[in-house]
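Counting starts at 1 for both ligands and their atoms, in listed order.
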Amino acid sequence: MSAIKLHMLKPSVNNMTVRVFLRAAKLEFTEDDAWGKTRSGDFLARNPAHLTPMIEASDLPRGVVWESCAIMQYLCNKHDLHHFYHKTPALRAMVDSAMFYIIGTLYPYVARATYPALGFPQYAGEVGASEADAHTKTTAQKAATTALAEPLDVFHKFYMDGKPFIGGHEPSIADIRLAATLEFLAVIDYALPAWAKQFMSAMEAKLGAAYAEPAGDVRGYIAHMKSQKPH
Ligand SMILES: N[C@@H](CCC(=O)N[C@@H](CS)C(=O)NCC(=O)O)C(=O)O
């Protein structure tokens, strides 16, 4: 079987998700740094959404798939990786629900809370991307930061429900997606609740270098960006 080709950006937690997964699942892969390439003609011809992570595989109808969770689901299905993605429909539903909740609810708050601190472009139609004044933008950023508490609590009380991971006693693909997302909150020195700190340590302890290496790229980037800020 030929190695999976991943197109990725090292500072990104969306990318960190798939980079951790590929290592933890011990799949054969190569990584291509897509920095500066996502809007090139070549990339856009394959992926008009210009998003990473993206993997190439010849059995895919269009030759590529993007969206971190879809990539992990596809590879778990293809390689029967049930320890990361339960086979039982009811248990799988919890993993799917948690991942949709991250992408649809938690991540937008994370982006609105952290992207302004990094000078990243925000999504069209949002306060941060508008002509609003600095005070209004700061108020919006604060509101997003405050709003993080509720979904975080939902992961702890509902999805984990006394277990160490969303997946139960072992990390699932939803846990990889959640841990990577939480890494980005270091941008704003968000005070994570104790359970979340414990969860992230447990993820790193379980997955070892598979987690630590891609996390190191994200952490290094965040530390670099913080060091550039005027004091
Ligand atoms: N929901 C997507 C988000 C992907 C995404 O936003 N990727 C960004 C990096 S964080 C990207 O590749 N941006 C490059 C561009 O738009 O040109 C996922 O989870 O994969």
Side-chain angles (χ1 to χ4, degrees), residues 4-25 27 29 31-57 60 62-77 84-85 95-126 128-129 144 148 151 155 166 171-188 203 211 214-222 224-225:
I4 297 154
K5 186 167 180 186
L6 171 69
H7 298 264
M8 57 87 198
L9 294 171
K10 287 184 179 174
S12 147
V13 293
N14 295 313
N15 283 270
M16 179 189 152
T17 301
V18 173
R19 298 183 73 211
V20 169
F21 169 74
L22 287 170
R23 287 163 173 77
L27 294 169
F29 66 94
E31 290 185 325
D32 182 63
D33 194 332
W35 190 257
K37 298 183 193 169
T38 53
R39 315 269 171 150
S40 69
D42 256 14
F43 200 96
L44 287 171
R46 280 189 289 187
N47 174 347
H50 49 80
L51 292 175
T52 61
M54 170 182 86
I55 61 161
E56 294 180 33
L60 291 164
R62 303 300 303 269
V64 300
V65 61
W66 66 85
E67 282 296 332
S68 55
C69 299
I71 293 170
M72 295 190 295
Q73 288 166 315
Y74 161 66
L75 292 172
C76 284
N77 290 335
F84 286 114
Y85 194 37
V95 173
D96 287 339
S97 169
M99 290 195 299
F100 279 111
Y101 189 54
I102 293 167
I103 299 297
T105 299
L106 178 65
Y107 194 83
Y109 289 150
V110 171
R112 290 177 201 135
T114 59
Y115 285 15
L118 297 168
F120 280 8
Q122 293 189 69
Y123 297 96
E126 296 196 332
L148 285 164
F155 283 105
I166 297 164
S172 66
I173 53 177
D175 293 287
I176 296 175
R177 182 61 248 202
L178 178 61
T181 303
L182 298 183
E183 289 281 344
F184 222 51
L185 291 176
V187 168
I188 52 167
M203 285 294 288
Y211 187 92
D217 287 329
V218 170
R219 291 168 187 167
Y221 172 74
I222 293 173
H224 169 74
M225 293 305 280

Is H50 close to ligand 1, meaning an N/O of one under 3.5 Å from an N/O of the other?
-> yes
Enter the distance from I173:CD1 to L75:CG here, rounded to the nearest 0.5 Å.
-> 9.5 Å
Within a distance under 4.0 Å of any heavy atom of S12, pick out the atoms of ligand 1 and give their elements.
-> 9 (C), 10 (S)
for atom 6 (O) of ligand 1, nearest protein heavy atom and its distance come out as N14 ND2, 3.6 Å
For R177, the atoms of ligand 1 under 4.0 Å from one of its heavy atoms are 19 (O)
Atoms of ligand 1 close to T38 [distance to a heavy atom under 4.0 angstrom, numbered from 1] | 14 (C), 15 (C), 17 (O)
Protein heavy-atom partner closest to atom 1 (N) of ligand 1 - residue, atom, separation in Å = E67 OE1, 2.8 Å
Subset of ligand 1 atoms that lie under 4.0 Å from at least one heavy atom of S68 | 18 (C), 19 (O), 20 (O)
From T181 OG1 over to Y109 OH, what is the distance, rounded to the nearest 0.5 angstrom?
-> 15.0 Å
Can the ring centroids of F184 and Y107 be said to lie less than 6.0 angstrom from one another?
-> no
Separation between OG1 of T114 and CD1 of I188, rounded to the nearest 0.5 Å = 6.5 Å
Specify whether F84 and F21 have parallel, tilted or perpendicular ring planes, treating 30° as the upper limit for parallel and 60° as the lower limit for perpendicular.
-> perpendicular
State whether the shortest distance between N or O atoms of Y123 and N or O atoms of ligand 1 falls below 3.5 angstrom.
-> no
Considering heavy atoms of the protein only, find what lies nearest to atom 8 (C) of ligand 1 and give residue, atom and distance to 0.1 Å.
-> T52 O, 3.8 Å
In terms of heavy-atom contacts, V218 and E183 come closest through CG1-CB, 4.4 Å
CZ (F29) and CZ (R19) are apart, to the nearest 0.5 Å, by 8.0 Å
